[in-house]
Amino acid sequence: MNDKSITILQLYPRDMNIYGDWGNTLVLKRRLQWHGYTVNLIEYNPGDTFPTDVDLIVGGGGQDSGQDVIQTDLLAIGPQLRELAEKDVPMLMICGLFQLFGKFFKTQDGHIIKGISLLDLETHAGPERLTGNVITESDEFGEIIGYENHSGMTFLGKNVMPLGKVIKGAGNNGQDDSEGARYRNIIATYMHGSLLPKNPAIADFLIEKAVMRKYGEFIPTVVDDRFAQQARAVAIKRPR
Ligand code: GLN
């Protein structure tokens, strides 16, 4: 253990935290500890004071109703999130918060849940839910494995890149083979499941960015990822 610490902020765990999303935070916490860092984990719910000092931000998915609940608060902290994103703070946004980091989500019943427009994308509820196991291929992280369950169909604008190309599953919209979004040090994706236990390369990317920003150097430990490899091998064989 060194004397360095990293602060993780979990956005809206009360309302936006489904299909194992909390596991992403646990992975980041544990891997940071393995790499020798002390972890300070802050949970942020509507009405809380937004912390001034954060190194890594994580957000999960939620029902449309959960997205309605957090909307006003999210729009209020949008400028702070945007400033942190432009300062290259690493962030992981899953499903419901992936959508609301974009411009808006138009739900099945036709109402608009506004997003903070940090990511150049918009989401429209489609005629069917896109549900099942997902595999994508990305230049940065190789094969990414997860699970999706969303009605929203997300379309990327020109200022963001997809996180990966769909090999199995629907991805952003079931039409253009894109999955997720990449912008600065933000990773946004529809993959729950949870994502990071099965994709440690993404966890270590987020950790490295957080540590490098704060301390200027990152000396990783070699982590024994046998269980993660086994989980990947099993997940990859599962039917859609
Ligand atoms: N409510 C959103 C949708 O159905 C997000 C779902 C989720 O976060 N899993 O598209």
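Keep in mind that what you see is a predicted model, and the values were worked out from it rather than measured. Because only heavy atoms are used, hydrogens play no part in the values below, and waters and symmetry mates are left out as well, while side chains stay in. For ligands, and for the atoms within them, numbers begin at 1 and follow the listed sequence.
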Peer 1: Using only atom types and a distance under 3.5 Å, with no angle test, would you say the side chain of Arg82 pairs donor to acceptor with the backbone of Ile116?
Peer 2: yes

Peer 1: Ignoring hydrogens and geometry beyond distance, is a side-chain donor-acceptor pair present between Asn173 and Thr154 at under 3.5 Å?
Peer 2: no

Peer 1: Looking only at side chains, do Tyr147 and Thr131 share a donor and an acceptor under 3.5 Å apart?
Peer 2: no

Peer 1: Taking Met191's backbone N and O only, do any of them form a donor-acceptor pair with Thr189's side chain (distance below 3.5 Å, no angle check)?
Peer 2: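 Such a contact is found between Thr189 side chain and Met191 backbone.
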
Peer 1: Do Tyr44 and Asp73 get their side chains close enough for a donor-acceptor pair, meaning under 3.5 Å?
Peer 2: yes

Peer 1: What residues sit with at least one heavy atom under 4.0 Å from ligand 1?
Peer 2: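 Residue list for ligand 1: Ile18, Tyr19, Gly61, Gly62, Gln63, Asp64, Gln67, Cys95, Gly96, Gln99, Phe105, Arg129, Asn149, His150, Ser151, Gly152, His192.
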
Peer 1: Enumerate the side-chain hydrogen bond (donor to acceptor under 3.5 Å, both in side chains) contacts for residues 194-208, please, sequence neighbours excluded, ordered by first and then second residue.
Peer 2: Arg31-Asp204, His35-Asp204, Asn199-Arg232

